[in-house]
There are 2 protein chains.
Amino acid sequence: MNLILLEESDFLGNDRVRIDGRRFLHIRDVHRARAGDELTVGRLGGRIGFGRIVHLDAESLEMEVRLERDPPAPLPLTVVLALPRPKVMRRVLRSLAVMGVKKIVLVNSARLEKSYWQTPFLDKEEQRRQLLLGLEQAGDTVLPDVQLRRLFRPFVEDELPELSQGTLRFVAHPGSDSTCPRDVRRPVTLVIGPEGGFVPFEIDLFLSIGFTVVSLGPRIMNIETAIPFFISRLF
Amino acid sequence: MNLILLEESDFLGNDRVRIDGRRFLHIRDVHRARAGDELTVGRLGGRIGFGRIVHLDAESLEMEVRLERDPPAPLPLTVVLALPRPKVMRRVLRSLAVMGVKKIVLVNSARLEKSYWQTPFLDKEEQRRQLLLGLEQAGDTVLPDVQLRRLFRPFVEDELPELSQGTLRFVAHPGSDSTCPRDVRRPVTLVIGPEGGFVPFEIDLFLSIGFTVVSLGPRIMNIETAIPFFISRLF
């Protein structure tokens, strides 16, 4: 936890908060903080600064906070991702939050096992928990927006053209001859397929609405490696 | 498994192999392959090509193989990494193998819990298993070399100068003012610290032997995200 995220309900006044539960235990047991110590804090959706611990008991602590700077800039990037396996889903969400991605759409795809859509990790609360862990890691305060789209074709045909309007449009696909461009300095919509890749029909549909297929060279990367690799190339 | 790795002991002759165990079960149950099917195969440490299944029974299968191309080029990169938490260690090794890193040194560091050195994941066989999974994912055949160095200072003072001779020398460190350079087109030695970062003494020691401290901007990334992010920037 490189930043303690403060929610609206933590605020006792303009510059005073009370924290309990997971964050309190982390501050007490991992940071081993005591009254008088200062920690980096940030208001969810707002500014970042310092919190000085003014009171600490067995169940909670209180801090006086000074919020004086903006969170790191978000990436001008929308990630459209074929729903990952449940096992990697949590880590992928956390990693996207760490990198500063603020718009995430999880979509269906032909090669995706239908059972993935039954995972408890799709629960909004569980998603939020992973995204908060990512923000706490990165030192950010702005929650990414996550949308689910269980119908591939209506999403790509009816929503994606407008969603990606004014952005560079890329589909990450192993084996493409075009290498992912570097340091594009423009907003991007990046589509990333399932393990095993998109089927030709899906690729054609992306091409038909103006997407370009790009790869990272001859290696086929697992999703958790490929996502930061693509994002680091682009920005 | 995007490539079936063949070990020397699999070869019955120059161009015929017998496979059992984990790979056999994967080919039978995940690829659902039958006699006559062709799969991508590679000889461990050698070339890549196709294997045609000529026989398949309850416990093993035999293939005729044609190995006709070289594996993807390795990255001209040595990664020196503070030993990760046991939980992430396996994924980090797999990810490094996926990206084509061939030289990995796991070192001690002041902020690293001593218990990490007791993890069973440091076992050579377990390491090899993760690296093979990475090669099978990437479609590569060349096993990375992994070295362990439990004494930080002797490693950095006595070994690292020669190990990093002729390469660009970078220490990844959050908060540095210098941003990691892009597309350097030269060999690199990249040092990556523990969660919480290197202590000032450690940073100074790297500086004293010619390393430059670089960051990825204001965000503090978790190790699994930071490693592909740095490598993608550099190459």
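Numbers restart at 1 for each chain; the letters A, B, ... are given by sequence-line order, proteins then strands.
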Could you list every donor-acceptor pair linking chain B to chain A (distance under 3.5 Å, backbone and side chains)?
| unit_1 | atom_1 | unit_2 | atom_2 | d |
| --- | --- | --- | --- | --- |
| Ala73(B) | O | Arg219(A) | NH2 | 3.0 |
| Ser95(B) | OG | Thr225(A) | OG1 | 3.0 |
| Gln137(B) | NE2 | Ile220(A) | O | 3.0 |
| Gln137(B) | NE2 | Met221(A) | O | 3.4 |
| Ala138(B) | O | Ile220(A) | N | 3.1 |
| Asp140(B) | OD2 | Arg219(A) | NH1 | 3.0 |
| Asp140(B) | OD2 | Arg219(A) | NH2 | 3.3 |
| Arg182(B) | NH1 | Phe235(A) | O | 2.8 |
| Arg182(B) | NH2 | Asp183(A) | OD1 | 3.4 |
| Arg182(B) | NH2 | Phe235(A) | O | 3.0 |
| Asp183(B) | OD1 | Arg182(A) | NH2 | 3.4 |
| Arg219(B) | NH1 | Asp140(A) | OD2 | 3.0 |
| Arg219(B) | NH2 | Ala73(A) | O | 3.0 |
| Arg219(B) | NH2 | Asp140(A) | OD2 | 3.2 |
| Ile220(B) | N | Ala138(A) | O | 3.1 |
| Ile220(B) | O | Gln137(A) | NE2 | 3.0 |
| Met221(B) | O | Gln137(A) | NE2 | 3.4 |
| Thr225(B) | OG1 | Ser95(A) | OG | 3.0 |
| Phe229(B) | O | Ser232(A) | OG | 2.6 |
| Ser232(B) | O | Arg233(A) | NE | 3.1 |
| Ser232(B) | OG | Phe229(A) | O | 2.6 |
| Ser232(B) | OG | Arg233(A) | NE | 3.4 |
| Arg233(B) | NE | Ser232(A) | O | 3.1 |
| Arg233(B) | NE | Ser232(A) | OG | 3.4 |
| Arg233(B) | NE | Phe235(A) | O | 3.4 |
| Arg233(B) | NH2 | Phe235(A) | O | 2.8 |
| Phe235(B) | O | Arg182(A) | NH1 | 2.9 |
| Phe235(B) | O | Arg182(A) | NH2 | 3.0 |
| Phe235(B) | O | Arg233(A) | NE | 3.4 |
| Phe235(B) | O | Arg233(A) | NH2 | 2.8 |

Phe229(B) ring center near Phe235(B) ring center (under 6.0 Å): no

Grab the two heavy atoms, one from Leu122(B) and one from Leu106(B), that are nearest each other, plus how far apart they are. CD2-CD1, 4.3 Å

Please name the pair of heavy atoms, one in Ala33(A) and one in Ile53(A), separated by the smallest distance, quoted to 0.1 Å. CB-CD1, 3.6 Å

Would you check if Leu75(A) and Leu234(A) make a side-chain contact, meaning some heavy-atom pair closer than 4.5 Å? no

Are the side chains of Val101(A) and Pro144(A) in touch, meaning some heavy atoms are under 4.5 Å apart? no

Would you mind checking which part of Ala73(A) comes under 4.5 Å of any heavy atom in chain B, side chain (CB onward), backbone (N, CA, C, O), both or neither? backbone

Residues forming a ring-ring contact (aromatic ring centres under 6.0 Å, His included) with Phe170(B), sequence neighbours excluded: none

